[in-house]
There are 2 protein chains.
Amino acid sequence: MNLKDIAKLAGVSSVTVSNVINGNHNKVSKETIDKVNKIIKEHNYVPNATARSLASKKSRIIGVVLPYVGMDEDFSRSPYYTRILALLENYIRQQGYYMMIRCTGGCGEVIPLFNTWNVDGMIILGADKREVKEIIGSIRVPVVFIDTYAESKIANIGIDDYKGGYLAARYLLSKGHKHIGYAGPGIDSPGVIGNRIKGINDALAEKDLHLDKDLIFEAPTNYEDGIELGKKIAFASKKITAVVSMSDVLAFGIMEGLHLSGLVVPDDISVIGFDGLPECRYTTPHLTSVSQNLSRKALLAGEYLFKMIKDKKKIAVNEIVDVEISEGESVRTIRPN
Amino acid sequence: MNLKDIAKLAGVSSVTVSNVINGNHNKVSKETIDKVNKIIKEHNYVPNATARSLASKKSRIIGVVLPYVGMDEDFSRSPYYTRILALLENYIRQQGYYMMIRCTGGCGEVIPLFNTWNVDGMIILGADKREVKEIIGSIRVPVVFIDTYAESKIANIGIDDYKGGYLAARYLLSKGHKHIGYAGPGIDSPGVIGNRIKGINDALAEKDLHLDKDLIFEAPTNYEDGIELGKKIAFASKKITAVVSMSDVLAFGIMEGLHLSGLVVPDDISVIGFDGLPECRYTTPHLTSVSQNLSRKALLAGEYLFKMIKDKKKIAVNEIVDVEISEGESVRTIRPN
DNA sequence: CTGAAAGCGCTTACAG
DNA sequence: CTGAAAGCGCTTACAG
């Protein structure tokens with residue numbers, strides 16, 4: 001069954017059928033519309049999307065790019081990406097578009113991939129500054145980045161990482177903690193981490209404190225590395241009373257590592273995470289975390305993308321979604337003695 | 001840049017370029033191949049996938065269908081689906097195919113969707129018996145189901161649900177539990193749940209026990225409902241000492257509900273989950289669970305699908321992946337007094 | 001409001 | 001080994 005068949009059955013031309021399907025109702029009479037629709041329904045006809053895409057140069061496909069670590073990795077390692085992905089799927093589906101997803105180490109390799117499919121737009125998660133130029137230079141469709149810091153004119157949806165770091169440290173300080181540790185990627189990483197570190201430092205500085213070099217624990221933000229980090233922290237300087245972790249998943253690992261080392265959270269040491277995932281409630285004690293509004297991030301990403309697609313012009317914008325402390329029970333109050 | 005441009009630059013016909021791109025090396029001389037490839041590389045040419053798909057009637061797209069609950073739901077609610085999805089993405093990507101995903105309430109609505117894109121194959125998660133007929137009746141490409149019970153001749157990858165139920169109950173019995181509860185979807189659901197229930201009952205029967213009606217707690221398998229269920233269980237018959245939950249996420253909720261009610265797991269009550277997700281290690285105590293090998297399920301699904309695609313014929317098969325108890329600390333040993 | 005013609009960028013037989 | 005021709009199933013101006 002194709003357009004021509006339907007046209008023949010309806011006694012009209014393919015053009016007319018095409019106009020009916022595409023809702024160009026100003027070009028077709030009411031009766032013709034009804035007649036054609038009836039035949040379409042009777043025969044369960046669905047237009048061929050590849051032919052449509054080829055002819056119209058639109059695909060209704062949105063390409064979504066997720067970062068991955070190695071060939072054997074999969075994105076489920078990161079509940080954060082998973083959640084965003086699910087939210088985007090929902091949004092894209094409700095727009096009547098299709099979602100094509102791809103994990104990749106370098107966004108460069110993804111460009112030919114999506115060019116090949118004439119995607120109407122792309123959403124790229126966690127790209128770094130260097131990749132951005134390569135991407136926007138060679139892609140003509142609208143792109144929205146999530147969590148990317150770049151000088152270039154791009155549409156980006158991020159969070160207030162500085163404030164996140166600041167709030168985490170302030171929260172711990174307000175609970176009487178003075179010797180605060182850091183756990184996460186190398187503290188000299190630019191962008192996301194750099195800004196959080198700055199926030200932490202500024203909060204500490206207000207109390208004439210600073211991040212002690214001995215209390216900086218660097219590791220990738222996943223569960224397994226978290227366990228190792230937890231063990232290290234357990235045997236580190238005795239004065240440490242709290243740790244700021246750069247992700248919830250890392251924090252889960254840290255809590256486990258501390259537990260395995262015989263320490264109790266929060267009695268012996270407090271932990272605060274970052275992201276505020278639903279999984280924070282799976283742990284005992286529940287993880288206190290700097291919570292970001294993922295629904296809002298996904299919503300904004302979708303809205304900007306479709307606005308660009310509909311208006312056919314790019315938007316340069318940097319939307320910063322607010323963060324807040326979501327309290328669990330993993331931070332204890334130290335009484336000033 | 002299109003085929004024709006490349007052909008012109010290389011001084012050959014489009015057919016020849018096409019043959020080079022598609023690796024029909026027996027049809028082109030070595031020198032021509034090199035010449036054409038050089039030009040392709042120089043100009044960063046990528047073939048237009050929609051045109052290819054239209055002409056060849058192959059798309060290299062695999063459609064993946066996930067079940068969802070309501071319009072506002074997203075699949076991240078279920079770490080189980082998320083994990084499978086991530087594993088499938090990895091497999092599909094490594095085959096050089098594209099993955100298009102879709103959440104849906106009824107698989108019926110997904111048929112026109114994927115027909116429209118000429119997908120080369122589909123993987124459908126958690127379809128129920130009634131949907132199967134509708135799907136296989138109206139789709140011509142290879143389909144692999146995951147976790148589906150059906151009489152029809154289909155390719156399905158499942159787990160040994162009966163054994164899972166049996167092992168869970170046996171495990172609890174071996175620890176001295178006699179009053180065992182059930183938590184999960186309605187126990188008269190056919191398929192997955194029905195078989196697990198049967199396994200539980202058979203294990204209990206071996207000890208002249210049975211599932212007590214008072215100890216059956218029905219709810220959808222998600223965290224929030226789990227909390228409510230945990231509270232109910234806490235105030236249920238005093239004799240209950242252990243609960244078998246039909247999913248890990250539900251079990252997490254139950255543990256939380258019990259905790260909120262002042263009960264301690266496993267001291268006051270033991271809990272065993274189902275799935276064996278990595279998240280089992282996030283809880284304190286770690287959740288003991290009937291663990292299924294998700295990597296293997298995804299691998300088998302991928303292998304069967306691509307075998308069907310390559311051999312161009314359907315396979316009827318029901319692969320049952322083994323399950324085993326993955327021990328955490330959420331089940332206590334009751335001393336016979 | 002309706003349709004004939006051209007074209008989107010490929011691949012598929014087929015002929016040489 | 002190479003290429004001319006036809007066709008995949010649509011949409012896009014354009015003419016009426």
Side-chain angles (χ1 to χ4, degrees), chain A residues 1-37 39-40 43-61 98 112 114-120 140-141 312, chain B residues 1-37 39-40 43-61 98 112 114-120 140-141 312:
Chain A
M1 268 288 137
N2 58 27
L3 249 204
K4 233 168 153 184
D5 298 328
I6 298 293
K8 208 170 292 168
L9 288 168
V12 297
S13 76
S14 323
V15 178
T16 299
V17 178
S18 173
N19 280 328
V20 171
I21 290 172
N22 292 303
N24 302 134
H25 287 180
N26 55 328
K27 297 188 178 173
V28 196
S29 73
K30 186 85 182 64
E31 303 113 59
T32 311
I33 292 177
D34 292 341
K35 186 171 57 180
V36 170
N37 274 330
I39 307 228
I40 288 178
H43 295 265
N44 284 321
Y45 166 71
V46 284
N48 180 318
T50 57
R52 281 179 109 165
S53 171
L54 178 58
S56 69
K57 302 188 171 308
K58 289 174 216 145
S59 63
R60 299 186 81 81
I61 298 177
Y98 311 93
F114 285 140
N115 270 339
T116 221
W117 273 107
N118 279 334
V119 297
D120 285 353
R140 358 171 243 308
V141 299
K312 289 176 186 164
Chain B
M1 269 288 137
N2 59 26
L3 249 205
K4 233 168 153 184
D5 298 327
I6 298 293
K8 208 170 291 169
L9 288 168
V12 298
S13 74
S14 323
V15 177
T16 299
V17 177
S18 173
N19 281 326
V20 171
I21 289 173
N22 292 302
N24 302 133
H25 288 180
N26 55 328
K27 298 188 175 172
V28 195
S29 74
K30 185 86 181 65
E31 305 113 59
T32 311
I33 293 177
D34 293 341
K35 187 171 55 179
V36 170
N37 275 331
I39 308 227
I40 287 177
H43 295 265
N44 285 321
Y45 166 71
V46 285
N48 180 318
T50 56
R52 281 179 109 163
S53 170
L54 179 58
S56 69
K57 302 187 172 309
K58 290 175 215 146
S59 63
R60 298 187 82 81
I61 298 178
Y98 310 94
F114 285 140
N115 271 339
T116 221
W117 275 107
N118 278 335
V119 297
D120 285 353
R140 357 170 245 308
V141 298
K312 289 174 188 166

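Predicted, not measured: the structure shown is a model, and the values here were computed from it. In what follows, every heavy atom counts, from backbone to side chain, and hydrogens, waters and symmetry copies are set aside. Residue numbers start from 1 in every chain, and the chains themselves are labelled A, B, ... in the order their sequence lines are given, proteins ahead of strands.
Contact annotation for B/T32: backbone-only contact, meaning every heavy-atom pair under 4.0 Å involves sugar-phosphate atoms and none involves a base. Residue A/T50 is out of contact with every strand shown, counting any heavy-atom pair closer than 4.0 Å. Here B/K57 lies in heavy-atom contact (under 4.0 Å) with sugar-phosphate atoms only.
Judged as a side-chain hydrogen bond (donor to acceptor under 3.5 Å, both in side chains), and not counting sequence neighbours, B/T116 has no contacts. Partners of A/A10 under the side chain to side chain contact (heavy atoms under 4.5 Å, CB included) rule, at least two apart in sequence or in another chain, are A/V12, A/V36, A/I39. Scanning for side-chain hydrogen bond (donor to acceptor under 3.5 Å, both in side chains) contacts around B/K30 gives B/D34, with sequence neighbours left out. Scored by the side-chain hydrogen bond (donor to acceptor under 3.5 Å, both in side chains) test, B/N115 finds B/R140 as partners (sequence neighbours excluded). A/V28 meets the side chain to side chain contact (heavy atoms under 4.5 Å, CB included) test with A/T16, A/N19, A/V20, A/T32, A/I33; sequence neighbours excluded. With sequence neighbours excluded, no residue forms a side-chain hydrogen bond (donor to acceptor under 3.5 Å, both in side chains) with A/S14. With sequence neighbours excluded, the residues that form a ring-ring contact (aromatic ring centres under 6.0 Å, His included) with A/Y98 are B/W117.
Helical stems of DNA chain C (runs of at least 3 Watson-Crick or G-U pairs, donor-acceptor distances under 3.5 Å) are listed by first residue: C:1-3 with D:14-16, C:5-12 with D:5-12, C:14-16 with D:1-3.
Near-neighbour residues of DNA chain D inside residues 8-17 of chain B, defined by a heavy atom below 4.0 Å, number-ordered: B/V12, B/S13, B/V15, B/T16. For DNA chain C, the neighbouring residues in residues 18-26 of chain B, judged by any heavy atom under 4.0 Å, are B/S18, B/N22.
Each of B/V28 and B/A51 has a nearest nucleotide on DNA chain D; the 5'-most of these lies closest to B/V28.
Remark: side-chain polar atoms of A/N22 are not paired, donor with acceptor, to backbone N or O of A/N24 under 3.5 angstrom. The main-chain N or O of B/S59 is found under 3.5 Å from a side-chain atom of B/D120 such that the two form a donor-acceptor pair.
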Stepwise side chain to side chain contact (heavy atoms under 4.5 Å, CB included) test for B/D5 and B/H43: CA-CA 10 Å; B/D5 298 327; B/H43 295 265; over 6 Å; no

Please assess A/L9 against A/M1 for the test side chain to side chain contact (heavy atoms under 4.5 Å, CB included), listing each intermediate value before the final yes or no. CA-CA 11 Å; A/L9 288 168; A/M1 268 288 137; 4.1 Å; yes

What donor-acceptor contacts under 3.5 angstrom involve side-chain atoms of residues 44-51 of chain A, with partners at least two apart or in another chain?
unit_1 : atom_1 : unit_2 : atom_2 : d
A/N48  : OD1    : A/T50  : N      : 2.8
A/N48  : OD1    : A/T50  : OG1    : 2.5
A/N48  : OD1    : A/A51  : N      : 3.0

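Closest approach of B/A7 and B/V17 over heavy atoms only: CA-CG2, 3.6 Å.
A 4.0 Å heavy-atom criterion places the boundary nucleotides of DNA chain C facing chain A at C/dC1 to C/dG9, written 5' to 3'.
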